[in-house]
Amino acid sequence: MSLKERSRPNERDNQMRTKMMAKKGDPASKMLPTVAVNQHQVVPDTPNAHPHKNLDRAIRAAMGRLTGGISPHSATEAWSDWALHLARSPGRQLELAELAQSNALKMTAYGANVTLGKDVKPPFTPKGYDHRFSHASWARAPFNLWQQSFLAAQDWWDQATSDMRGLRKQDADRTQFQMRQALDLVSPSNFPWMNPEIIEETIKTGGRNLVEGAGHLAEDMIQTLTQTHKPAPEGYQIGTDLACTPGQVVFRNHLFELIQYTPQTEKVHPEPVLFVPAWIMKYYILDLSPENSMVNYLVSQGFTVFMMSWCNPTAAQSELSLEDYRKSGVLAALDAINRLVPDHMIHANGYCLGGTLLAITAATMARDCDDRFASITLMAAQVDFAEAGELLLFVDESQVAFVEDIMWEQGYLDRPQMARTFASIRAEDLIYTRAVNRYFLGKDDLPTDIGVWNGDTTRMPARMHSEYLRSFFLENRLTAGRFAVEGRVIALKDISTPMFVIATEADHIAPWKSVYKTKLFTDCDLTFVLTKGGHNGGIISEPGHPGRHYCIDHRHSGAHYKSPDSWISETAPISGSWWPDYATWLKGKSGPRSKPPKQRPAICAAPGTYIHQT
């Protein structure tokens with residue numbers, strides 16, 4: 001059953017109830033709030049209005065498998081908008097013609113100097129995150145000419161697809177993104193006869209690198225076609241090397257397992273810490289190797305730590321909703337902890353999508369006068385999605401409907417579809433650099449703990465993912481005052497519990513300025529941290545990690561809002577890890593240490609069984 005079909009009975013019931021109450025003169029009918037339920041709003045129609053719609057959905061789902069989940073309409077609409085606006089902008093056309101001429105002259109002068117053997121500075125430089133041309137041989141002819149020609153074309157297209165008066169910002173960003181993908185495909189670094197590093201390695205090994213690369217290619221193709229789960233390499237076994245902080249599963253339902261970690265200190269703070277990870281990946285990003293495990297660190301600091309380990313849903317669980325994740329997930333975990341550690345408040349920590357769910361739960365609990373939270377921590381988690389970074393390039397009505405049709409057929413969003421989305425955002429490194437290293441240089445992927453975790457992906461239930469895309473990315477309901485829980489709108493400003501919010505500088509999934517906006521929609525006591533690194537690396541920032549820094553400040557309840565640009569210009573960076581400051585903050589919100597809570601009978605040892613679901 002489609003999401004539209006599920007929403008109609010409730011809408012008709014509500015409309016009928018409202019009409020009947022109005023006819024009877026019931027004063028309550030005048031007080032019924034107009035709220036947006038957390039489903040796609042549709043105009044009711046008769047059951048047979050579109051009797052063959054499932055045929056259309058099946059065709060779109062099949063098309064989605066061919067296009068990698070990208071809606072052709074969204075792509076062509078962006079280029080049409082761009083082309084029409086460029087066609088009626090002779091000034092921009094003249095500007096681009098002048099830029100093409102300028103780039104051509106720069107290349108001509110550079111080529112002449114290179115031919116004459118002069119050592120001159122190249123006119124174009126790769127972007128900071130682009131490492132494809134880092135090999136020293138790219139500075140020699142003719143490779144430097146090929147590299148510079150590519151960068152000149154990249155520079156021109158960046159200008160050609162930049163903002164234009166009248167052009168939708170999303171369409172400008174989409175055309176720029178798609179052109180970047182096209183240019184990345186034809187980069188000279190991708191071709192063995194144009195890449196000096198591949199040529200040197202082939203001569204050095206007598207072609208063995210190409211033979212080994214062909215083997216890697218065959219291996220990856222078989223794995224992609226069969227969708228088999230690649231086993232963890234030696235030294236990176238889950239439960240032995242990763243996710244190995246001692247503990248036990250103390251609660252389990254159909255949605256998650258609750259892990260309680262074994263105390264490492266004689267006395268612990270009475271308030272336990274509950275981690276709510278994202279269900280888009282396995283939880284053990286927060287419990288990697290012992291030396292960089294955030295769980296292990298907090299346990300060593302004298303906290304009783306609990307972790308939610310989400311299940312990896314199958315097609316049979318396609319109807320799981322966001323509300324299920326709130327009630328059967330976070331609230332069920334709170335209830336279980338209350339039974340195990342009674343009469344104590346709880347520190348809640350939500351990461352990524354888990355943080356968004358935690359914010360929803362906290363706002364709902366504040367509305368309902370449920371005061372079980374001692375503090376709330378949001379790590380790389382967004383509550384406002386108006387500036388949600390490059391993921392917004394994949395979200396509009398056509399694209400969401402396209403993804404819904406794919407999920408309608410298979411019951412979930414599959415792992416490769418999600419992985420491709422994230423990889424395409426940084427295609428030059430995550431796709432092409434890896435392909436060159438693996439298939440042309442014959443290099444094996446060097447195993448790392450975070451690399452193993454990154455490959456251990458999960459599925460998204462169809463209904464939940466549809467609600468998530470529509471409620472947040474497409475309609476941004478939470479901060480617009482249109483997100484309802486149990487029929488009533490919630491507001492983040494109702495939260496009075498102290499908050500600790502962490503953003504990361506190079507986050508392309510939850511950009512730091514978007515995370516910063518938590519300050520704009522809350523009035524509680526709030527500590528904000530901006531740390532060096534990306535979405536995962538910035539969070540996994542253990543003490544002793546080289547080259548780390550962070551900025552931190554405290555906002556009192558009721559303080560005036562300060563823009564992110566003003567804030568960063570006035571806040572001095574601090575060298576090192578933010579973890580010690582976080583542990584100190586938690587201790588300040590906790591009671592004095594006492595004996596650890598009694599261990600209850602365990603279901604099984606940590607890391608449990610759900611973590612092994614593939």
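Heavy atoms only: backbone and side chains are in, while hydrogens, waters and symmetry mates are out. Here the structure is a predicted model, which is why all the values come from computation and not from measurement.
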**Q** Which value, rounded to the nearest 0.5 Å, describes the distance between Asp445 atom CG and Arg438 atom CZ?
**A**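 Taking CG in Asp445 and CZ in Arg438, the distance rounds to 4.5 Å.
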**Q** Do we see a donor-acceptor contact under 3.5 Å between the side chains of Trp567 and Asp553?
**A**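 There is such a pair between these side chains.
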**Q** If we count only N and O atoms by modelled type, under 3.5 Å, do the side chains of His73 and Glu397 hold a donor and an acceptor together?
**A** no
**Q** Is there a side-chain contact between Arg434 and Tyr439, using heavy atoms and a 4.5 Å cut-off?
**A**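 A side-chain contact under 4.5 Å exists here.
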**Q** Step by step, would you call Arg168 with Asp81 a salt bridge (Lys or Arg N to Asp or Glu O under 4.0 Å)?
**A** CA-CA 8 Å; Arg168 288 180 63 223; Asp81 191 19; 5.4 Å; no
**Q** Look at Asp384 together with Lys517 and state whether they make a salt bridge at an N to O cut-off of under 4.0 Å.
**A** yes
**Q** Please tell me if the side chains of Lys519 and Val501 come closer than 4.5 Å, counting only heavy atoms from C-beta onward.
**A** no
**Q** Establish, from distance only, whether the side-chain atoms of Gln178 and Trp79 form a donor-acceptor pair under 3.5 Å.
**A**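 There is such a pair between these side chains.
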**Q** Using a strict cut-off of less than 4.0 Å between a Lys/Arg side-chain nitrogen and an Asp/Glu carboxylate oxygen, indicate whether Glu323 and Arg463 qualify as a salt bridge.
**A** no
**Q** Answer yes or no: is there a donor N or O on one side and an acceptor on the other, between the side chain of Ser557 and the main chain of Asp523, under 3.5 Å?
**A** yes
**Q** Evaluate the side-chain proximity of His85 to Asp171: yes if any heavy-atom separation is below 4.5 Å, no if none is.
**A** no
**Q** Checking Leu255 against Trp310 for the side chain to side chain contact (heavy atoms under 4.5 Å, CB included) test, could you report, in this order, the C-alpha distance in whole Å, the side-chain angles of both residues, the deciding distance, and whether it holds?
**A** CA-CA 6 Å; Leu255 197 54; Trp310 300 103; 3.8 Å; yes
**Q** Does Lys513 form a salt bridge (Lys or Arg N to Asp or Glu O under 4.0 Å) with Asp565? I'd like the steps, not just the answer.
**A** CA-CA 9 Å; Lys513 290 185 179 181; Asp565 292 328; 2.7 Å; yes
**Q** More than 12 heavy atoms of other residues, nucleotides or ligands under 6.0 Å from CD of Glu570: yes or no?
**A** yes
**Q** Can you tell me how far apart CE (Met460) and CG (Leu413) are? Round to the nearest 0.5 Å.
**A** 7.5 Å
**Q** Working to the nearest 0.5 Å, report the span between CE of Met407 and OG of Ser466.
**A**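 One gets 5.0 Å once the value is rounded to the nearest 0.5 Å.
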**Q** Measuring centre to centre across the rings, with the benzene-like ring taken for any Trp, is Tyr110 within less than 6.0 Å of Phe124?
**A**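 Not close enough - the centres of the two rings lie 6.0 Å or further apart.
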**Q** Holding to side chain to side chain contact (heavy atoms under 4.5 Å, CB included), I want the full list of residues that pass it with Asp525, two or more places apart in sequence or in another chain.
**A** Pro498, His554, His556, Lys589
**Q** Salt bridge check: are Asp494 and Arg367 linked by an N-O gap of less than 4.0 Å?
**A**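 A salt bridge is absent here (no side-chain N lies under 4.0 Å from a carboxylate O).
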**Q** Does Thr571 use its side chain to pair, donor to acceptor, with the backbone of Cys551 at less than 3.5 Å?
**A** no
**Q** Under the side chain to side chain contact (heavy atoms under 4.5 Å, CB included) rule, collect the residues that match up with Ser89, sequence neighbours excluded.
**A**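 Side chain to side chain contact (heavy atoms under 4.5 Å, CB included) check on Ser89 returns Arg92, Met164.
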**Q** Please check this pair: side chain of Gln93 against backbone of Ala87, looking for a donor-acceptor N/O pair closer than 3.5 Å.
**A**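 Judged by distance alone, yes, a pair lies under 3.5 Å.
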**Q** Set out, in order, the CA-CA distance, both residues' side-chain angles and the distance that settles side chain to side chain contact (heavy atoms under 4.5 Å, CB included) for Lys562 and Tyr516, then state yes or no.
**A** CA-CA 10 Å; Lys562 185 181 295 183; Tyr516 182 90; 4.0 Å; yes
**Q** Only one of Phe440, Phe133, Trp138 clears side-chain contact (heavy atoms from CB on, under 4.5 Å) with Asn195; which?
**A**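 So the option named by the test is Trp138.
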**Q** I'd like to know if the side chain of Glu467 reaches the main chain of Leu322, judged simply by a donor and an acceptor atom lying under 3.5 Å from each other, with no hydrogens or angles considered.
**A** yes
**Q** Distance from Met499 atom CE to Cys524 atom SG, nearest 0.5 Å?
**A**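 It comes to 5.0 Å.
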**Q** Within the 4.5 Å heavy-atom criterion, are Phe500 and Phe528 side-chain neighbours or not?
**A**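 No - every pair of side-chain heavy atoms lies 4.5 Å or more apart.
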**Q** When rounded to the nearest 0.5 angstrom, what distance separates CG in Leu167 from CG in Leu84?
**A**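 Nearest 0.5 Å value for the CG-CG distance: 10.0 Å.
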**Q** Looking only at side-chain N and O atoms, does Ser563 offer a donor or acceptor that is under 3.5 Å from a partner on Ser566?
**A**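 Indeed, the side chains of Ser566 and Ser563 share at least one donor-acceptor pair under 3.5 Å.
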**Q** Is a donor from one side chain sitting under 3.5 angstrom from an acceptor on the other, for Tyr412 and Asn312?
**A**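 Side chains of Tyr412 and Asn312: no pair found under 3.5 Å.
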**Q** Counting the benzene-type ring for Trp, do Phe275 and Tyr351 have ring centres under 6.0 Å apart?
**A**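 Not under 6.0 Å, so no.
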**Q** Measure centre to centre between the rings of Phe483 and Phe472, then say whether the value is under 6.0 Å.
**A** yes
**Q** If the condition is salt bridge (Lys or Arg N to Asp or Glu O under 4.0 Å), which residues does Lys169 pass it with, not counting sequence neighbours?
**A**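 For Lys169 the salt bridge (Lys or Arg N to Asp or Glu O under 4.0 Å) partners, ignoring immediate neighbours, are Asp173.
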**Q** About how many Å separate CG of Leu151 and NZ of Lys127, when rounded to the nearest 0.5 Å?
**A**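 It comes to 9.5 Å.
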**Q** May I ask you to test the Ser187-Tyr432 pair for a side-chain heavy-atom distance under 4.5 Å?
**A** no
